[in-house]
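Here's the structure we're looking at; comments come further down.
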Amino acid sequence: MDKLVVYPGSFDPITYGHLDLLERALKIFNRVVIAVACNPAKKPMFTLEERMDLIRRSLAEHPLRDRVEVGAFNGLLVEYVNKVGANAIIRGLRAVSDFEYEFQMALMNRKLSNEIETLYLMTGMRWIYISSRIIKEVAEAGGSVDGLVPEPVKVKLLERLFPGR
Ligand code: PNS
């Protein structure tokens with residue numbers, strides 16, 4: 001059976017925390033569609049195309065890359081999940097602080113489409129404190145993000161924050 005799951009998010013930009021979750025999802029599902037939310041309201045640092053490109057480049061040498069697709073969606077997540085023929089969503093949980101928002105989102109998605117289940121996986125301990133937001137904050141303030149994001153992300157972040165340097 002082809003077990004497919006959608007892993008949605010802003011991915012602005014992708015971090016090693018996201019990749020850790022992806023690898024966990026691939027232990028359970030045959031294929032994962034990474035669904036990058038257009039999300040203009042969140043005023044992302046990177047355009048949709050840049051975020052997708054960074055994901056693809058971060059996975060370019062990954063041994064499981066053939067089981068991963070990168071897509072984009074605008075509007076309701078459940079509609080995208082139906083469109084790709086999946087019936088499950090995967091999300092990561094780091095700390096209790098993530099729970100409230102995730103709980104609300106999962107229940108709203110269930111209300112919108114009762115056939116789609118949301119599954120939560122615990123992020124690996126190594127990545128429990130990182131998020132795209134904190135990575136951008138640290139990089140912007142001149143701190144090192146070495147070992148927290150894939151190399152193409154690090155390069156792009158520094159280019160964007162310190163052009164011409
Ligand atoms: O990485 P993020 O920013 O926490 O991801 C949040 C995301 C994009 C998964 C969520 O905002 C989303 O699903 N947006 C699409 C709109 C939608 O379907 N809303 C209803 C469920 S909350």
Side-chain angles (χ1 to χ4, degrees), residues 3-26 28-29 31-59 62 68-140 145 148-150 152-154 156-157 160-161:
K3 284 193 294 173
L4 171 68
V5 73
V6 172
Y7 178 20
S10 301
F11 301 101
D12 185 41
I14 191 164
T15 68
Y16 278 141
H18 292 123
L19 289 181
D20 173 84
L21 208 85
L22 175 71
E23 285 164 8
R24 290 174 197 280
L26 285 166
I28 308 169
F29 293 89
R31 287 193 298 134
V32 175
V33 178
I34 301 182
V36 186
C38 192
N39 253 353
K42 278 201 174 176
K43 296 201 172 29
M45 174 182 274
F46 298 105
T47 66
L48 180 66
E49 289 70 28
E50 285 171 333
R51 286 178 277 149
M52 293 173 78
D53 181 56
L54 284 174
I55 296 171
R56 290 200 185 98
R57 282 160 56 203
S58 300
L59 287 170
H62 197 287
V68 182
E69 280 159 47
V70 183
F73 75 103
N74 207 348
L76 286 180
L77 172 61
V78 290
E79 285 179 5
Y80 182 78
V81 174
N82 279 325
K83 197 178 92 179
V84 298
N87 65 358
I89 297 165
I90 210 122
R91 291 277 292 174
L93 273 183
R94 287 163 303 191
V96 181
S97 52
D98 282 341
F99 180 77
E100 210 170 320
Y101 169 59
E102 293 296 335
F103 189 56
Q104 186 183 31
M105 199 159 72
L107 293 186
M108 178 53 85
N109 283 332
R110 183 189 286 168
K111 167 79 175 67
L112 291 168
S113 180
N114 198 32
E115 302 309 308
I116 297 173
E117 290 297 337
T118 306
L119 293 111
Y120 286 91
L121 296 177
M122 302 300 158
T123 309
M125 286 302 280
R126 268 181 88 184
W127 316 114
I128 213 102
Y129 64 97
I130 65 166
S131 63
S132 300
R133 184 190 57 75
I134 208 165
I135 292 288
K136 287 181 282 190
E137 195 177 302
V138 168
E140 198 161 3
V145 293
L148 301 178
V149 291
V153 173
K154 189 182 113 180
K156 187 87 181 175
L157 250 178
R160 179 62 40 94
L161 291 168

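As the structure lists them, so they are numbered: ligands from 1, and atoms in each ligand from 1. Nothing here was measured: the structure is a model prediction, and the numbers come from that model.
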### Task
Using only heavy-atom distances, determine whether the side chains of D12 and S132 contain a donor-acceptor pair under 3.5 Å.
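There is no such pair (donor and acceptor under 3.5 Å, judged by atom type) between the side chains of D12 and S132.
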At a 4.0 Å threshold, what atoms of ligand 1 neighbour a non-hydrogen atom of [X]?
X: G9; answer: 1 (O), 5 (O)
X: L77; answer: 13 (O), 17 (C), 18 (O)
X: F73; answer: 15 (C)

Using 0.5 Å steps for rounding, measure from the [atom1] atom of [X] to the [atom2] atom of [Y].
X: Y101; Y: F99; atom1: OH; atom2: CZ; result: 14.5 Å
X: L19; Y: H62; atom1: CG; atom2: NE2; result: 6.5 Å
X: L21; Y: T15; atom1: CG; atom2: OG1; result: 9.5 Å

If we only count heavy atoms from C-beta on, is the [X] to [Y] side-chain gap below 4.5 Å?
X: Y120; Y: I89; result: no
X: I34; Y: F11; result: yes
X: E50; Y: M45; result: no

Residue and atom name of the nearest protein heavy atom (relative to [atom]), distance in Å to one decimal:
atom: atom 1 (O) of ligand 1; result: S10 N, 2.9 Å
atom: atom 6 (C) of ligand 1; result: Y101 OH, 3.4 Å
atom: atom 21 (C) of ligand 1; result: N109 OD1, 3.1 Å
atom: atom 9 (C) of ligand 1; result: R91 NH1, 3.6 Å
atom: atom 10 (C) of ligand 1; result: M105 SD, 3.7 Å

### Query
Only one of D53, V153, L157 clears side-chain contact (heavy atoms from CB on, under 4.5 Å) with F46; which?
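By the side-chain contact (heavy atoms from CB on, under 4.5 Å) criterion, F46 pairs with just one of D53, V153, L157: L157.
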### Query
Within less than 4.0 angstrom of ligand 1, does K42 place any heavy atom?
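Within the 4.0 Å threshold, so yes.
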### Task
Check whether any heavy atom of G75 sits under 4.0 Å from an atom of ligand 1.
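Judged by the 4.0 Å heavy-atom criterion, G75 does count as contacting ligand 1.
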### Query
Under a 4.0 Å N-O cut-off, is there an ion pair linking E137 with R133?
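Between R133 and E137 there is a salt bridge, with a charged N closer than 4.0 Å to a carboxylate O.
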### Message
Can you tell me which portion of A37 lies within the under-4.0 Å heavy-atom range of ligand 1? Options are side chain, backbone, both, or neither.
### Response
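Just the side chain.
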### Message
Tell me the contacting part of V78 for ligand 1: side chain, backbone, both, or neither, using a 4.0 Å heavy-atom threshold, strictly below.
### Response
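Contact part for V78 vs ligand 1: neither.
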### Task
Have a look at D12, L76, V6 and point out the one with the heavy atom closest to atom 19 (N) of ligand 1.
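Minimum heavy-atom distance to atom 19 (N) of ligand 1 goes to L76.
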